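To keep things clear, I will list the structure first and then write my remarks on it.
Computed from a predicted model, the values in this text were never measured in an experiment.
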Amino acid sequence: QEQLVESGGGSVQAGGSLRLSCKVSGYGYGVNCVGWFRQAPGKERQGVAAIYTGGTSTYYADFAKGRFTVSQDDTKTTVYLQMDSLESSDTAMYYCATASRPPPSDAYCSRLDRYDYNYWGQGTQVTVSP
């Protein structure tokens with residue numbers, strides 16, 4: 001079974017940066033989508049970004065484009081989310097997630113649909129002050 005552990009959250013001022021990490025272990029990091037999601041109090045969990053671990057394809061929600069960058073390390077055991085130019089609206093719990101089976105294509109990761117994912121980390125809190 002997959003295990004995901006996020007780290008790197010914290011408190012920053014608007015305009016600052018944070019780098020989140022997602023350590024993935026278990027049977028099949030392999031070829032999969034690894035997604036980043038966030039959930040603010042009273043709001044639904046929303047997709048932020050995803051990476052297709054079988055190649056180099058990355059996908060972003062509109063609000064993340066140009067500010068956030070998703071990447072993986074050479075060992076393909078850790079996925080990162082670099083967040084720059086943070087805004088107070090980015091305040092949320094951030095989660096990484098993956099699925100129990102490979103996607104049909106890399107473009108499938110662009111869906112950023114939380115229901116495509118069934119393994120989740122515990123989350124890491126990001127707080128951005130004005």
Side-chain angles (χ1 to χ4, degrees):
Q1 182 171 337
E2 298 279 4
Q3 289 188 324
L4 300 95
V5 179
E6 303 97 336
S7 62
S11 297
V12 296
Q13 290 188 323
S17 298
L18 283 172
R19 188 194 197 200
L20 307 184
S21 298
C22 173
K23 178 76 172 177
V24 184
S25 60
Y27 88 94
Y29 183 97
V31 175
N32 214 322
C33 303
V34 176
W36 284 98
F37 294 79
R38 69 184 188 184
Q39 188 167 18
K43 295 188 177 180
E44 290 193 357
R45 191 167 297 189
Q46 65 176 166
V48 177
I51 186 167
Y52 177 68
T53 63
T56 59
S57 299
T58 56
Y59 305 94
Y60 299 91
D62 286 344
F63 65 82
K65 291 177 182 177
R67 299 191 300 130
F68 295 1
T69 304
V70 61
S71 62
Q72 59 182 337
D73 70 350
D74 291 341
T75 66
K76 297 188 176 183
T77 59
T78 303
V79 171
Y80 303 100
L81 183 68
Q82 176 68 41
M83 304 188 296
D84 299 316
S85 302
L86 284 163
E87 305 168 353
S88 54
S89 58
D90 295 318
T91 295
M93 185 73 78
Y94 283 71
Y95 301 89
C96 63
T98 190
S100 58
R101 57 186 178 182
S105 69
D106 58 344
Y108 191 82
C109 303
S110 68
R111 289 160 49 95
L112 292 175
D113 186 338
R114 61 180 176 172
Y115 296 108
D116 292 341
Y117 297 80
N118 47 2
Y119 295 117
W120 294 83
Q122 82 289 349
T124 185
Q125 178 67 38
V126 171
T127 303
V128 184
S129 56

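A pairwise comparison of heavy atoms in Thr75 and Asp73 identifies OG1-OD2, 2.9 Å as the closest pair. Nearest approach of Leu112 to Ala50, heavy atoms of both residues: CD2-CB, 3.6 Å. Pairing each heavy atom of Gln82 with each of Ser17, the nearest pair is NE2-CB, 3.9 Å.
Hydrophobic clustering keeps Ile51 apart from Tyr117 (ILVMFWY residues linked when any side-chain heavy atoms are closer than 4.5 Å, directly or through intermediates). Side-chain heavy atoms closer than 4.5 Å link hydrophobic residues (I, L, V, M, F, W, Y) into clusters, and following such links, even through other members, never connects Leu81 to Tyr95. Under the 4.5 Å side-chain heavy-atom criterion for ILVMFWY residues, no single connected hydrophobic cluster contains both Leu4 and Met93. Val70 is connected to Tyr94 through a chain of hydrophobic side-chain contacts under 4.5 Å among Ile, Leu, Val, Met, Phe, Trp and Tyr, so both are in one cluster.
The line from CZ of Phe68 to OG1 of Thr58 is 14.0 Å long, rounded to the nearest 0.5 Å. Note: Arg38 CZ to Arg45 CZ = 13.0 Å, rounded to the nearest 0.5 Å. Here Asp113 contributes atom CG and Gln46 contributes atom CD; the two are 13.0 Å apart, rounded to the nearest 0.5 Å.
For the pair Ser7/Thr124, no side-chain contact is recorded, criterion being any heavy-atom separation below 4.5 Å from C-beta on. Looking at heavy atoms from C-beta onward, Glu87 lies out of side-chain contact with Phe63 at the 4.5 angstrom threshold. Contact of the Tyr60 side chain with the Thr69 side chain is registered, since non-hydrogen atoms from C-beta on lie closer than 4.5 Å. Between Cys33 and Thr98, the closest side-chain pair of non-hydrogen atoms is not below 4.5 Å. Considering only heavy atoms from C-beta on, Val24 stays 4.5 Å or farther from Tyr119 through its side chain. You'll find the side chain of Arg19 reaches within 4.5 Å of the side chain of Tyr80, heavy atoms only. The closest side-chain heavy-atom distance from Gln13 to Leu86 is not below 4.5 Å. No side-chain heavy atom of Val48 sits less than 4.5 Å from a side-chain heavy atom of Met83.
Although no hydrogens or angles enter the test, the distance criterion places a donor-acceptor pair under 3.5 Å between the side chain of Glu6 and the main chain of Gln122. Counting only distance, with no hydrogens or angles, the side chain of Thr91 and the backbone of Val128 share a donor-acceptor pair below 3.5 Å. Not one N or O on the side chain of Tyr52 forms a donor-acceptor pair closer than 3.5 Å with the backbone of Tyr59. Within the 3.5 Å criterion, the main-chain N or O of Asn32 finds a donor-acceptor partner in the side chain of Thr53.
Annotation: cation-pi pair Arg111/Tyr108 present, NZ/CZ under 6.0 Å from the ring centroid and within 45° of its normal.
Between Phe37 and Trp120, a ring centre-to-centre spacing shorter than 6.0 Å is recorded.
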